A.B. asks: 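Can you read through this structure? Questions will come right after.
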Amino acid sequence: MGSVFSANVRRDSPTGDASANHEEAIIVRDPSGDQISEGTRTPGSNSSLTPRSSPRSSPLPERKMSGALFLRPSPSPSQSRSPSPSRKMVSGEGRRKSSAADAMKARILVKTGDQEKSGTDANVYIELEDNNGLKTGNIKLDNPFYDDLERGKLDTYHLPLPEGFGRVVRLYMRRDRKGMLDGWFCDYIIVQDPRFAHFKKHRKLDKNKLLAPGTVLCDDDGVAPKAEYYFPVHRWVNHTHQYVFEEFACCLPQDDPCSDLRRLDLEEKRRFYQYAIRIPDGPVQVESLPGDEKFSDEYFWTFTKEKGRLLAQTTFIQWSTTKWNSFENFRKVFKKFKQNLGEPKCVDVWKQDTWFGLQRVAGTNSVVIKLCTTLPDKLDVTNETVSEFLEGLTLDEALEQKKIFMCDLEILEGLPCKDNRILSAPIALFYLDKTNHLMPIAIQLMQQKGPSNPVYTPADPPNTWLLAKMFYNNAEAQHHQGSTHLGLTHILMEGMCVCTHRNLSPSHPLFKLLAPHFLFLLAINSRGLEKLVSIGGWVDCCMTQGVTGILALIARSVKSWRADLHGIPQEEMKARGVLDPNVLPFYPYRDDAVSLHYAIEKYVTKVLNHHYDTPEKVREDTELQQWRRELVTPTSEGGVGIKGVLGDDEVGFTDVSEVIPITTTIIATCSLGHAAANFQQYDQYAFVPNYPGILMGNPPTEKKEYTDQDLLMLLPNKCMTLDIVLITKLLSKRGTNSLGDFEMQYMYDPHGVQAAKELENDLAKLSLEVKMRNLDRELKYEWLDPAHVPNAISV
């Protein structure tokens, strides 16, 4: 979470980053990773970009799973604050030489957020109080000849300490209304007491950098003074209140010394986080995008540049290729430009039945396949239809031995589509052969059997069978985008994100757990619906269902979703009969998703059990209870309408064991759920015949011979194909840090920091396990390697 870095920084200029200060500087990256300033080591990111701070950040390169640094602001009594072993230290340790006056001044680091208009022209005052009730008196945060507290800045101030001043226990903060722009969003305040700090001497690394190893702290027994105190704020500071923060600012509402102020702040926040239903009969979304939720400038321009780069490459492809007059010509495009675009894995194998089976267990929509023990009456399949593909078994024997699997896209039946297009609602049967390959044995393209709805099998002419597989994948592509991807990650989580902001204070431990996983969610949804899911947008032009169909499918999917079933991978897979590896041996999505979900659940459990160590704390937490109440209230009555949230509908949550599952579900959906559905899109969609988002014709109603030209006529034209390539390539880019490497640190309390550290260790081990599994897998499945799973839905 944190990274220490160094640079040559002048401290002798009044226009410096903080105050005109001639003492030796400790160079840090702040918790959002975006400023170099005087101070001590704080958590940050490894990016060379400039992320937005609380609660957002810029796209960052993938982190290494080992060697990341975590801040331990207040170790337990049995621990000591020591330098990270991953950092090389130098000799010459000792207290920094300073005057007596310097030794009696606390250094105050104040971080202003990077939201729009977050900087202030107002006067801001702070005061410290120690464990004996002794106060420092107010100090105005003002450095001479310097524009203080501007957007994104980390500023440094000095506050004289009274003689005998002890351990800091409270920080008081207020502001006035002076200046043209008096609003202020404060990320955090760090108080450093040089009387109790040891410093390492600087060592020059090269002509441009200094080594600043940071501060070495003594044991913290919870009573004696120490060198650093952390006060996360993460909110707009209202001029009408004086704020009181205890260290770490992490408490339940019943324990907050400013509970009335906390309630008023939430009431104000609800004005900006209002619900709206934009999709007919659909889930709630945010009414209008709050300014705090917008993309950072760096994040926005990074993706804009990437889009421009890809446009240049695809335009060149358009000029340098002929029309799609053969599948081989189609294939050569990716072969020729594989250095620029990357070659989808399917290019050489897309026609094979083995590949068609692998798409069900390791593709971008691996949540449909289920065990079939009895054939549904609507499926026109008999033993004679498929017996030749069952390796000597009868159909009844194969069913009894759990060898038959099914994909049933019944949810697509009757879906309204653009221009009255006809969309398949297929049923596909698969047989698990002796080599544990899932082989397709029958496809019925519509739900109800009949003479105009034939069952296709591998015994049909090759192109006839290939046509059936293409129409199946065309239908599943609609399900993937409308249900698995947009509906059950982006849109579903949007309502939960809005509910969290409306009901949980930034000081609430549950808010601190969830906030890193909502990074850019509202912004990407707002921009996605505006640019991609709109009349004339990408979905409308490049998907069979169009905007009309995808919105209807989102509404259908969210309405049937339950937190206690679909929100827990193990329960959802058990319901489909595929949780047991003995039943379906090769199912990479299952193996990696279950392991990752367990790691997230362990992390959530450790944090919440600490704060809710008695049932009374759960029942008396008014914010938590209101959060649940609003989550489960039907959308028609102003709530989010989530089904399957544990607890009592009258009393609410009664025990922490009821809070853990829904919290884990939200974090898992924003991370592993979205990663599995999103980042494989280019590999699946870009080579259009493999997983066609659109086919230019209706599903066949009879069996007949088809030529390659007949199949090519169904594919979109070259211009539309290049749009598909461009968008799916962009959507497959990762925009934020890997899971556990949080862009912004919210939890500073020792227990929360330790839980986050343990999560990082667990994810590092799991990442290694996934890499080891992939060494033996027929098809590598890297999408749920924790090193590649982002914290949030940001693309």
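Source: prediction; values computed, not measured.
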A.B. asks: Which word best sums up how the rings of H517 and F742 line up, parallel for under 30°, tilted for 30 to 60°, or perpendicular for over 60°?
C.D. replies: perpendicular
A.B. asks: Output the distance between atom CH2 (W184) and atom CG (L141), rounded to the nearest 0.5 Å.
C.D. replies: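 Separation between the atoms: 6.0 Å.
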A.B. asks: Apply the side chain to side chain contact (heavy atoms under 4.5 Å, CB included) test between E150 and each candidate in T120, T112, D121; give the one that qualifies.
C.D. replies: D121
A.B. asks: With R502, which of E267, E623, E268, E630 fulfils salt bridge (charged side-chain N to carboxylate O under 4.0 Å, His left out)?
C.D. replies: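 Output: one option passes, namely E630.
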A.B. asks: Kindly compute the distance separating CG (L261) from OG (S505), expressed to the nearest 0.5 Å.
C.D. replies: 9.0 Å
A.B. asks: Nearest 0.5 Å please: distance from the CG atom of L264 over to the OG1 atom of T240.
C.D. replies: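 Between L264 CG and T240 OG1, I get 7.5 Å after rounding to 0.5 Å.
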A.B. asks: With rounding to the nearest 0.5 Å, note down the distance linking NZ in K111 to OG in S118.
C.D. replies: 8.0 Å
A.B. asks: Evaluate the criterion side chain to side chain donor-acceptor pair (under 3.5 Å) for residue pair Q625 and R628; output intermediate values, then yes/no.
C.D. replies: CA-CA 5 Å; Q625 300 297 355; R628 184 196 181 277; 6.0 Å; no
A.B. asks: Can you label the angle between the H501 ring and the F511 ring as parallel, tilted or perpendicular, going by 30° and 60°?
C.D. replies: perpendicular
A.B. asks: Given the rule in the side chain to side chain donor-acceptor pair (under 3.5 Å) test, do Y230 and Q745 qualify, once you have shown the distances and angles that lead to the verdict?
C.D. replies: CA-CA 11 Å; Y230 297 85; Q745 180 171 351; over 6 Å; no
A.B. asks: Is any side-chain heavy atom of F248 closer than 4.5 Å to a side-chain heavy atom of P750?
C.D. replies: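 Yes, their side chains come closer than 4.5 Å.
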A.B. asks: Would you sort out whether Y172 and Q242 count as a side chain to side chain donor-acceptor pair (under 3.5 Å), showing the intermediate values?
C.D. replies: CA-CA 7 Å; Y172 299 84; Q242 174 171 267; over 6 Å; no
A.B. asks: Among T489, L521, T669, find the residue that satisfies the side chain to side chain contact (heavy atoms under 4.5 Å, CB included) test when tested with H674.
C.D. replies: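 With H674 as partner, T489, L521, T669 yield a single side chain to side chain contact (heavy atoms under 4.5 Å, CB included), made by T489.
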A.B. asks: In terms of ring plane angle, is the pair H241 and Y243 parallel, tilted or perpendicular, where the classes change at 30° and 60°?
C.D. replies: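 Geometry flag for Y243 against H241: perpendicular rings.
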A.B. asks: Is the number of heavy atoms from other residues, nucleotides or ligands within 6.0 Å of CZ (R278) greater than 12?
C.D. replies: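 More than 12 heavy atoms, drawn from other residues, nucleotides or ligands, come within 6.0 Å of this atom.
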A.B. asks: Which value, rounded to the nearest 0.5 Å, describes the distance between F231 atom CZ and E246 atom CD?
C.D. replies: 9.0 Å
A.B. asks: Out of curiosity, H158 NE2 to N143 CG, how far, rounded to the nearest 0.5 Å?
C.D. replies: 9.0 Å
A.B. asks: For E616, check salt bridge (charged side-chain N to carboxylate O under 4.0 Å, His left out) against everything at least two apart and list the hits.
C.D. replies: R619
A.B. asks: Would H508 and N503 count as a side chain to side chain donor-acceptor pair (under 3.5 Å) if you check the C-alpha gap in whole Å, the side-chain angles of each, and the deciding distance to 0.1 Å?
C.D. replies: CA-CA 10 Å; H508 200 290; N503 295 292; over 6 Å; no
